[in-house]
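Note on naming: letters A, B, ... go to the chains in the order of the sequence lines (proteins, then strands), and numbering restarts at 1 for each one. The model shown is predicted, which means the values in this text are computed figures rather than measured ones.
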Amino acid sequence: MSDIKRLDLEYSQLESDRMRINVGPQHPSTHGVLRLEVEVDGEIVTEVVPHLGYLHRCFEKHCEKMTYLQVIPYIDRLDYISAMNNEWPYVMALEKLMDIKVTDKVEYIRVIMAELNRIANHQIAVATFGLDAGAFTPFLFFFRDREYIIWILEKMSGARLLYNYFRVGGLAADVYPGFKEDCLNIVKQVRKTNAEVMDLLIYNKIFIQRSANVGILTPEVAINFACSGPVLRGSGVKFDLRKDEPYSIYDRFDFDIPVGTGEVGVVGDCWNRNMVRVNEMEQSCRIIEQAIAQMPDEGDVKALVPKRIKPPKGEVYMRAENPKGELGFYIVSNGTDKPERIKARGASFVNLSVIPEISKGYMFADLILILGSIDIVLGEVDR
Amino acid sequence: MENVNFLYDLLGKNVISVLLIVSLPLMFVLVYALIAILAELKVSAWIQERLGPMRTGPWGILQPIAEVVKLIQKEDITPDRSSKLLYNLAPFIIFTGAYAAFAVIPFSEYFVPAGINLGLFYIFAVGSISAIGIVMGGWASNNKYSLMGAMRSVAQLISYEIPAAMAVLSIVVLASTMNMQEINKIQSGWFWNWFIFGGPGTLAKLWVIPFTLGLGLIYFISSLAETNRVPFDIPEGESELVAGFHTEYSGMKFAMFFFAEYANMFVVAAVLTTIFLGGWNSPFGDFMQGPFWGVFWFVSKAFTVVLVQIWIRWTLPRFRVDQLMYIGWKVLLPLSFICFMAVSLYVMLK
Amino acid sequence: MIQYIKNIWAGLSSTFIGMRITWKHLFVKKVTIQYPDERFKLPEKARNRLYLEMSRCNGCNSCAIACPVNCITVETIRVSPDDPHQEVHYNGKDRKLWVSRYDIDFAKCCYCGLCTAVCPSEAIQHTTEYEYSVYNRESLLYKFQTLTPEQVKEKERLLAEFRAIEKVCHPEGDAKPAEKKVVDKKTE
Amino acid sequence: MGLLDRLDDPYEGGGIILGKVEDLLNWGRSKSDWYLHFGLACCAIEFMAMNASHFDFMRFGTIPRTSPRQADFIMVTGTVTFKMADRIKILYEQMAEPKYVISVGSCSNCGGPYWEHGYHVLKGVDRIIPVDVYIPGCPPRPEAFEEGMMLLQKKISHQAIFNKRKRLESEV
Amino acid sequence: MLPNEIYDTLKTEFGDAVIEYNDQQPTDSFILIGADNLFDICHTLRDKDAFLFDYLMCLTAMDLGENVGVVYHLYSMTHKHRLVLKVTAPKTDPKIPSVEMIWRTADWHEREAFDLIGVNFEGHRNLIRILCPYDWEGHALRKDYVAPEYYHNMKVSY
């Protein structure tokens with residue numbers, strides 16, 4: 001495997017004692033089964049080589065064998081933390097391909113579901129980031145709140161994690177009575193916990209010391225690496241598909257795009273990336289409140305499409321703003337009920353590729369934080 | 001010092017009584033460690049709105065006993081490519097270092113296993129033994145994570161020894177003795193006679209109180225670092241170094257590390273209690289003062305300090321290794337010098 | 001120098017703020033649900049273990065087709081007209097197919113709920129039952145058929161007899177082709 | 001598995017004292033289970049949720065360890081791929097006896113949704129390491145994890161060190 | 001800029017290298033280009049002020065039967081317009097110039113395409129497998145792919 005090693009010349013000519021450490025695939029803070037081959041000079045990281053594929057579950061192969069409806073459970077298992085968000089670009093792509101308009105109620109429910117799931121995802125992201133820094137308690141505060149969100153999602157869809165809820169042209173089930181009150185309570189609870197965690201973790205001096213000025217990602221590098229989501233916004237680029245390419249009904253809501261401000265540290269470091277997530281939770285809360293207020297009570301959510309979905313021959317690329325970044329589905333239909341090819345452009349996959357670039361020269365402990373701040377899910381990286 | 005040991009009076013100075021006196025702290029360490037483990041589990045759980053162990057005995061109070069029973073039965077692995085002698089010796093050395101410190105800890109007016117005159121000096125000397133054990137264990141394991149953990153741990157122990165020693169030295173200057181029993185006796189009376197509040201003295205001591213408070217804080221922070229507790233737990237920081245220097249240890253040897261960690265926590269808490277918090281003295285003058293109340297006060301004070309350590313552990317994130325050094329050398333050390341000079345000035349003026 | 005002191009102060013004060021928060025949480029009511037003693041009430045449509053109501057199942061096989069992971073195996077035998085056990089379906093119609101085998105392998109099942117959505121008679125349903133951990137993986141293969149092996153053989157014999165008679169009556173073979181309908185999605 | 005695998009020991013006996021000691025030892029092992037969390041995929045998130053406040057796995061006396069040497073059982077939560085399989089085996093071999101394995105979720109039970117076309121998925125973790133308890137679900141509810149844990153505790157407390165015990169009924 | 005305008009501009013600049021423009025619904029309109037000039041065209045697309053396609057959204061390789069095709073989805077952060085490029089190469093010798101030097105994000109996408117479809121990206125600095133193990137045989141997403149029976153003594157099929 002000598003060709004995997006790609007040392008820069010200047011490094012390899014230096015005479016010094018370097019140690020190659022294998023971080024992962026089973027390591028407490030690689031967020032799954034990522035393996036990083038790290039070369040350290042004392043404590044300073046000189047090279048990082050990521051090795052992927054420890055969770056390669058052949059998603060794209062399965063897509064070719066399944067009907068369009070059967071693909072949805074597999075899509076849940078891509079980014080299993082935000083399964084609702086995952087399904088959305090897929091069904092949107094098919095709706096675009098088949099030229100289906102969905103009703104307003106469906107759109108509102110989808111928005112609420114996606115934003116709830118976005119909050120849940122960011123809670124995990126911030127929590128595990130704190131865990132990487134050694135703070136265990138905020139992790140459990142966030143998970144306590146996430147549980148309430150999960151209960152709503154479970155009441156809606158029937159499952160706790162992998163929902164299989166979105167359908168082409170509709171949804172699997174209607175809202176339950178009391179849904180709106182539950183959502184508003186969640187919003188309250190999320191805000192309360194966020195305020196608490198701000199004090200406990202985010203503005204803690206030790207945490208700032210650890211995460212500010214670490215893993216700086218400049219906007220140019222971020223765009224060239226096609227980073228998206230909070231990673232891109234943490235670098236100060238105001239780019240959010242919900243605003244820049246408003247899909248569904250996001251143009252009806254009033255919300256801001258939080259970007260890294262450099263309030264602490266510099267723009268593009270781990271702290272700012274993390275802060276973008278915390279701020280996005282607040283924006284999601286705002287969207288949920290508005291959507292609850294605007295949502296029509298009447299209307300059917302069941303899809304009015306034939307049981308066997310047969311889109312016309314064609315290709316479509318649909319992308320949506322996922323909590324982790326841009327998730328795109330490139331669907332090639334050959335006119336039958338099984339897709340010819342589905343390519344998932346995972347946000348984590350692309351965001352992770354920036355790791356070797358931004359972690360050189362920092363300490364080994366920083367590498368863990370940089371990895372945590374990028375918020376990857378290996379299901380989406382390896383597919 | 002008269003150093004009355006009531007057991008010697010009771011039984012005479014023979015082999016049995018010596019053994020008894022030696023083993024009493026051991027019993028104490030074992031029982032205390034079990035309670036501390038339970039406290040750690042329970043406090044962490046309650047802070048996080050959980051319940052902690054619930055299904056082993058009522059409210060899970062038998063949990064640590066189950067852990068010990070289990071650890072006895074576990075297979076004891078010696079990695080194939082480790083340095084066998086050092087690997088097997090390391091846990092014992094660490095535990096010895098932690099346990100040896102108990103020799104001079106004054107539990108009560110009448111009970112201190114060895115009331116030597118250089119008590120504080122002895123504690124610092126013995127406390128450094130564990131560094132040898134850690135580096136032995138980390139190096140002999142033949143594991144990169146262990147090695148890195150050991151190196152970090154030793155660097156940390158050595159750096160934080162100095163501010164801690166400065167803090168203790170200030171109190172030595174204030175008390176003009178290194179005998180821990182003597183230091184305790186000086187602090188008798190109400191709680192404002194404790195050295196954390198400047199020790200006994202007239203109102204003129206008011207200006208030195210901030211400095212002694214600072215010294216107490218400096219010693220407490222250094223003691224956190226010396227026992228590898230959060231926020232200074234980088235030698236065994238889970239998220240970076242899997243389990244640090246004891247990654248490769250299993251079974252009883254790991255239990256030794258575990259016990260040594262909690263014993264160390266108690267040692268530093270005991271030193272803090274002795275030199276800053278009045279040791280076995282009742283905080284309320286003569287109220288509840290006496291040899292047996294002394295044990296109660298001493299243990300409860302020390303255990304409160306341990307609880308605070310646990311409390312901090314579940315609140316803070318951990319430092320990075322360079323920040324740790326920065327705090328040790330550039331923050332705590334200068335501050336401890338300033339406090340030391342202030343205290344010296346106070347003693348001179350007194 | 002001022003920055004130095006500010007940093008120390010920020011470090012200490014934020015630590016105390018954090019400790020105050022954790023101290024408060026030490027005494028709030030705990031949220032833990034102590035599972036074996038008290039349980040969280042699951043919503044009705046929670047998707048856990050599948051249950052098949054055999055009397056409602058008409059052997060249409062649509063669940064096996066809908067299943068993305070092929071964990072359902074259905075085998076059916078046509079009911080021969082002279083079968084002594086004629087059964088009336090839940091909707092009042094006669095049973096057309098005996099379900100001789102209905103297996104769900106819960107080791108494979110992905111609990112997606114697609115099979116319940118397509119079932120015309122609502123025979124297959126997700127239940128709220130989730131406690132069925134086992135020591136052996138074979139125990140996760142659930143067999144739902146109510147017919148005993150002897151009954152299955154009997155039905156097969158009856159069908160074969162009926163077919164033979166039919167063949168004699170209609171030698172051209174305009175009747176339905178004689179087959180034991182083994183439905184397997186893989187061959188589809 | 002060495003000492004503890006003597007269920008089929010031909011002779012019975014051991015007497016009251018050994019029996020009681022054995023009870024104590026088994027009690028200790030069953031009540032104190034340190035686990036090596038082997039988070040692989042979706043089930044790992046539910047696993048984290050189970051560790052969180054609402055379900056609180058620690059009630060069962062389970063403490064997470066990150067080093068396999070100190071773990072008593074390994075929880076394989078997620079899809080095991082071929083690239084990963086060797087590592088799981090190594091980790092399992094690094095654990096100290098007595099050791100147990102809980103396989104969580106469809107994927108590690110038998111490949112789950114990926115059993116048919118998954119060219120890169122190991123069809124069941126029991127092909128490389130012996131599994132004690134299978135927890136079905138995709139992913140299982142946190143309560144199901146806890147039920148599996150109780151099942152493992154039951155199994156441990158029925159194991160024999162000194163004298164022969166009856167096999168668990170459901171195990172036969 | 002709309003795709004057809006981009007096509008016209010490219011056509012005048014590169015001539016025959018730009019083969020075809022397709023805007024049949026419901027397919028996203030795409031431009032088919034020849035493999036030889038891909039690098040230059042991509043370079044122009046990224047750097048020319050009128051295009052400024054600085055964001056490579058997605059790179060997909062697919063098995064088209066006799067050919068393999070690679071699809072590039074481009075986006076411009078400044079002009080907010082998008083473009084789909086398509087390249088094909090024969091399956092027997094699938095050589096396509098690498099764009100890794102233009103968009104660094106293409107690095108892993110191309111490695112993935114090499115891993116799963118077997119497209120040989122010329123000029124890629126580190127073209128090794130990314131998802132499958134390094135000693136894996138065959139390219140799994142090809143339509144004629146047959147999974148091996150055993151991998152490291154572990155049975156592959158159920």
Give me the atom names and distance for the closest heavy-atom approach of Leu162(A) to Cys138(D). CD1-O, 3.8 Å

Once you round to the nearest 0.5 Å, how far does CG of Asn51(D) lie from CZ of Phe143(A)? 9.0 Å

Tell me the closest heavy-atom pair linking Arg77(A) and Cys42(D), and the distance in Å. CG-SG, 4.0 Å

By a 4.5 Å heavy-atom criterion (distance strictly below it), what part of Phe141(A) contacts chain D: side chain, backbone, both, or neither? neither

Is it true that Tyr74(A) and Tyr114(D) have ring centroids separated by less than 6.0 Å? yes

Hey, what do you get for CD1 (Ile45(D)) to OH (Tyr80(A)), rounding to the nearest 0.5 Å? 5.5 Å

Who in residues 52-61 of chain D is close to chain A, using a strict under-4.5 Å heavy-atom cut-off? Ala52(D), Ser53(D), His54(D), Phe55(D)

Locate the shortest heavy-atom distance separating Leu161(A) from Glu46(D); write the atom from each residue and the value. CD2-CG, 3.9 Å

Do you know which of His62(A), Glu154(A), Glu64(A) has the most heavy-atom pairs under 4.5 Å to chain D? His62(A)

Residues forming a side-chain contact (heavy atoms from CB on, under 4.5 Å) with Ile150(A), sequence neighbours excluded: Arg146(A), Arg160(A), Tyr163(A)

Can you give me the closest heavy-atom contact between His120(D) and Gly53(A), atom names plus distance? CE1-O, 3.3 Å

Given heavy-atom pairs under 4.5 angstrom as the criterion, report whether the side chain, backbone, both or neither of Ile81(A) touches chain D. side chain

Does this structure show an ion pair linking Glu116(D) with Lys61(A), if we count only N-O contacts that are shorter than 4.0 Å? no

So which of Thr79(D), Leu91(D), Leu36(D), Val80(D) has the largest heavy-atom pair count under 4.5 angstrom toward chain A? Thr79(D)

What closest approach, in Å, do Met48(D) and Thr128(A) show between heavy atoms, and which atom pair accounts for it? CE-CG2, 3.8 Å

Does any backbone or side-chain atom of Leu78(A) lie under 4.5 Å from a heavy atom of chain D? Answer side chain, backbone, both or neither. neither

For Ala41(D), is it the side chain, the backbone, both or neither that has a heavy atom under 4.5 Å from a heavy atom of chain A? both

Tell me, side chain or backbone of Ile88(D) under 4.5 Å from chain A's heavy atoms, or both, or neither? neither

Compare all side-chain heavy atoms of Met84(D) with those of Val33(A) and state whether any distance is below 4.5 angstrom. yes

Any donor and acceptor pair, going by atom type alone, linking the side chain of Thr81(D) with main-chain N or O of His56(A) inside 3.5 Å? no

